[in-house]
A.B. asks: 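Starting off with a structure, shown below.
On a predicted model such as this, the values are computed, not experimentally measured, just so you know. Counting starts at 1 for both ligands and their atoms, following the listed order.
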Amino acid sequence: MEERRVAVVTGGSRGIGRAVVQRLAASGHRVFFNHFDRDDAAQRETEALAPGALGFSVNVADAAAVKSFFEAVEKEAGRLDVLVNNAGITRDGFLVRMKEEDWDAVVDVDLKGVFLCMKSAARIMMKRHWGRIVNVASVVGQAGNAAQANYAAAKAGVIGLTRAAARELAPRFITVNAVAPGFIETDMTAALPENARDSIVAQTPLKRMGTAFEVAAAVEFLAGDDAAFITGQVLSVNGGLHM
Ligand code: NAI
């Protein structure tokens, strides 16, 4: 019997990441996920919802922590087939008032974190000449959004990073793609005021917010065999909000 594929999902304790962990576990992957929550309750909930999945507290912006996390995964599982870079944060504010620390925090997690995880993961994937990397970008990285200069820049950066890595890793049969969600019902968007949510729904041709499982379905497709000839692409899951 073919050994189970091994997947790492960053930010897997809730929201979109949790849905990705659930889908990949259900389709037979051995899943390792990380998060950076203050307590481990959400991690345990994800583990219960995705039997076999194992969670760890790892800050994706911390180079040493990321390196040891991937070393531990390789030691434990002996291989790595799929990496989903989903961990992300927002620190919204208007450009003229944005604090440097809010710029740095978002760019560190949302962009540098993706670079650090890809660097460690690609090294392991290259040994077996097969891999799937899926980065979670955002409609905000494609279209921009007021009060999100830091987040828009980081997510646009993720799209550039995806395309550069896709070209670089193609000779090793590692594909690199991005998914760009629109507005999705998760803890991240629960913080939005009601009028902001109403306005987003009004601007979305499909007239609703998306679900974490709808984003996870796109991630699962790009992480599987059927997407073998797709690399360097951005798949929008946004109800038509940006075309
Ligand atoms: P969420 O806030 O519900 O979950 C974020 C996850 O990332 C949690 O597991 C958290 O522990 C983890 N995380 C945060 N900082 C971390 C760090 N430094 N190291 C490791 N893990 C860390 O977020 P949600 O909504 O599920 O978003 C997931 C991804 O999708 C993010 O990259 C986000 O930018 C992106 N996205 C979300 C949209 C939405 O409408 N919810 C829209 C477009 C993109």
A.B. asks: Identify, by atom number and element, the atoms of ligand 1 in contact range of Val58, meaning under 4.0 Å from any of its heavy atoms.
C.D. replies: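 Counting atoms of ligand 1 from 1, those under 4.0 Å from Val58 are 19 (N), 20 (C).
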
A.B. asks: Who's the nearest protein heavy-atom neighbour of atom 9 (O) of ligand 1, and how far?
C.D. replies: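 Closest protein heavy atom to atom 9 (O) of ligand 1: Ser13 OG, 2.7 Å.
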
A.B. asks: Any idea which protein heavy atom is nearest atom 41 (N) of ligand 1, and the distance to it?
C.D. replies: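 Result: Thr186 OG1, 3.1 Å.
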
A.B. asks: Between Asn34 and ligand 1, is there a nitrogen or oxygen pair with a distance under 3.5 Å?
C.D. replies: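 Min N/O separation from ligand 1 is not below 3.5 Å for Asn34.
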
A.B. asks: What are the two closest non-hydrogen atoms of Ala121 and Leu83, and how far apart are they?
C.D. replies: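 It is CB-CD2, 3.6 Å.
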
A.B. asks: Do Arg5 and Asp225 sit within salt-bridge range, that is, some charged N less than 4.0 Å from a carboxylate O?
C.D. replies: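 Yes, this pair counts.
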
A.B. asks: Under a 4.0 angstrom heavy-atom cut-off, which atoms of ligand 1 come close to Phe183?
C.D. replies: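 Checking each atom against Phe183, I get 40 (O).
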
A.B. asks: Taking only heavy atoms of Val109 into account, list the atoms of ligand 1 that are under 4.0 Å away from them.
C.D. replies: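 Once the distances to Val109 are compared, the set is 15 (N), 18 (N).
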
A.B. asks: Which atoms of ligand 1 have any heavy atom of Thr189 under 4.0 Å away?
C.D. replies: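 Reading through ligand 1 atom by atom, the close ones are 39 (C), 40 (O), 41 (N).
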
A.B. asks: Who's closest to atom 22 (C) of ligand 1 heavy-atom-wise, of Gly88, Cys117, Ala154, Ala87?
C.D. replies: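 Checking each option, the heavy atom nearest atom 22 (C) of ligand 1 is found in Ala87.
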
A.B. asks: How about CG on Leu49, more than 12 heavy atoms from neighbouring residues, nucleotides or ligands closer than 6.0 Å, or not?
C.D. replies: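 Buried by this count: over 12 neighbours within 6.0 Å.
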
A.B. asks: Provide, to 0.1 Å, the distance between atom 18 (N) of ligand 1 and the closest protein heavy atom, together with that atom's residue and name.
C.D. replies: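 Result: Asn59 OD1, 2.8 Å.
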
A.B. asks: For ligand 1, find out whether one of its N or O atoms is nearer than 3.5 Å to an N or O atom of Lys155.
C.D. replies: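 Yes; at least one N/O pair falls below 3.5 Å.
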
A.B. asks: Which ligand 1 atoms are under 4.0 Å away from a heavy-atom of Asn86?
C.D. replies: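 Answer for ligand 1: 28 (C), 29 (C), 30 (O), 31 (C), 32 (O).
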
A.B. asks: Heavy-atom distances under 4.0 Å decide this one: backbone, side chain, both or neither, for Ala42 against ligand 1?
C.D. replies: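 For Ala42, no heavy atom sits under 4.0 Å from ligand 1.
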
A.B. asks: Please check: side-chain N/O of Lys67 versus main-chain N/O of Ser120, any donor-acceptor pairing under 3.5 Å?
C.D. replies: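 A pair under 3.5 Å: no.
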
A.B. asks: Would you say Phe183 and Leu235 are hydrophobically clustered, going by side-chain heavy atoms of ILVMFWY under 4.5 Å?
C.D. replies: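 No, no single cluster joins them.
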
A.B. asks: Could you identify the single nearest non-hydrogen protein atom to atom 15 (N) of ligand 1 and state the distance to 0.1 Å?
C.D. replies: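 The answer is Ile89 CG2, 3.5 Å.
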
A.B. asks: With atom 34 (O) of ligand 1 as the reference point, say which of Tyr151, Phe36, Phe56 has the nearest heavy atom.
C.D. replies: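 When every heavy atom of Tyr151, Phe36, Phe56 is considered, Tyr151 comes closest to atom 34 (O) of ligand 1.
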
A.B. asks: Search all heavy atoms of Ser27 against all heavy atoms of His29 and return the closest pair with its distance.
C.D. replies: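 That would be OG-ND1, 3.2 Å.
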
A.B. asks: Below 4.0 Å from ligand 1: does a non-hydrogen atom of Gly113 turn up there or not?
C.D. replies: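 So Gly113 does not count as touching ligand 1.
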
A.B. asks: Ion pair present between Glu168 and Arg163, side-chain N to carboxylate O less than 4.0 angstrom?
C.D. replies: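 Arg163 and Glu168: not salt-bridged.
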
A.B. asks: Say whether Gln233 and Asn177, considering side chains only, have a donor N or O and an acceptor N or O under 3.5 Å apart.
C.D. replies: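 No pair is found: no donor N or O on one side chain lies under 3.5 Å from an acceptor on the other.
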
A.B. asks: Any nitrogen or oxygen of Pro181, side chain or backbone, less than 3.5 Å from one on ligand 1?
C.D. replies: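 There is no such contact.
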
A.B. asks: Which residue supplies the protein heavy atom nearest to atom 4 (O) of ligand 1, what is that atom called, and how far is it?
C.D. replies: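 Looking at atom 4 (O) of ligand 1, the protein heavy atom closest to it is Arg14 NH1, 3.5 Å.
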
A.B. asks: Should Glu220 and Arg132 count as an ion pair when the cut-off is N to O under 4.0 Å?
C.D. replies: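 The answer is no: the pair does not qualify as a salt bridge.
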
A.B. asks: On a heavy-atom basis, which atom in Ala212 and which in Gly15 lie closest, and how many Å separate them?
C.D. replies: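 In this case the closest contact between Ala212 and Gly15 is CB-O, 3.7 Å.
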
A.B. asks: Note the single closest protein heavy atom to atom 40 (O) of ligand 1, along with its residue, its atom name and the distance in Å.
C.D. replies: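 Result for atom 40 (O) of ligand 1: Ile184 N, 2.8 Å.
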
A.B. asks: Can you pull out the closest protein heavy atom to atom 37 (C) of ligand 1? Residue, atom name and distance to 0.1 Å, please.
C.D. replies: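 Looking only at protein heavy atoms, the one closest to atom 37 (C) of ligand 1 is Ile16 CD1, 3.8 Å.
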
A.B. asks: Does Met209 approach ligand 1 within less than 4.0 angstrom via side chain, backbone, both or neither, non-hydrogen atoms only?
C.D. replies: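 Met209 to ligand 1: no contact under 4.0 Å from either part.
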
A.B. asks: Would you please determine whether Gly182 falls within less than 4.0 Å of ligand 1 on a heavy-atom basis?
C.D. replies: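 Yes.
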
A.B. asks: Write down the atom of Met118, the atom of Ala165, and the distance for their closest heavy-atom approach.
C.D. replies: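 Taking Met118 first and Ala165 second, the nearest heavy atoms are CE-CB, 3.2 Å.
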
A.B. asks: Among Thr46, Asp37, Thr186, exactly one meets side-chain hydrogen bond (donor to acceptor under 3.5 Å, both in side chains) together with Arg14. Which residue is that?
C.D. replies: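 Considering Thr46, Asp37, Thr186, a side-chain hydrogen bond (donor to acceptor under 3.5 Å, both in side chains) with Arg14 is found only for Asp37.
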
A.B. asks: For the side chain of Asn34 and the backbone of Gly11, is there at least one donor-acceptor N/O pair under 3.5 Å apart?
C.D. replies: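 Flag set: sc Asn34 to bb Gly11 pair under 3.5 Å.
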
A.B. asks: Going by the order shown, which atoms of ligand 1 are within less than 4.0 Å of some heavy atom of Val136?
C.D. replies: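 Those of ligand 1 that fall under 4.0 Å from Val136 are 29 (C), 30 (O), 35 (C).
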
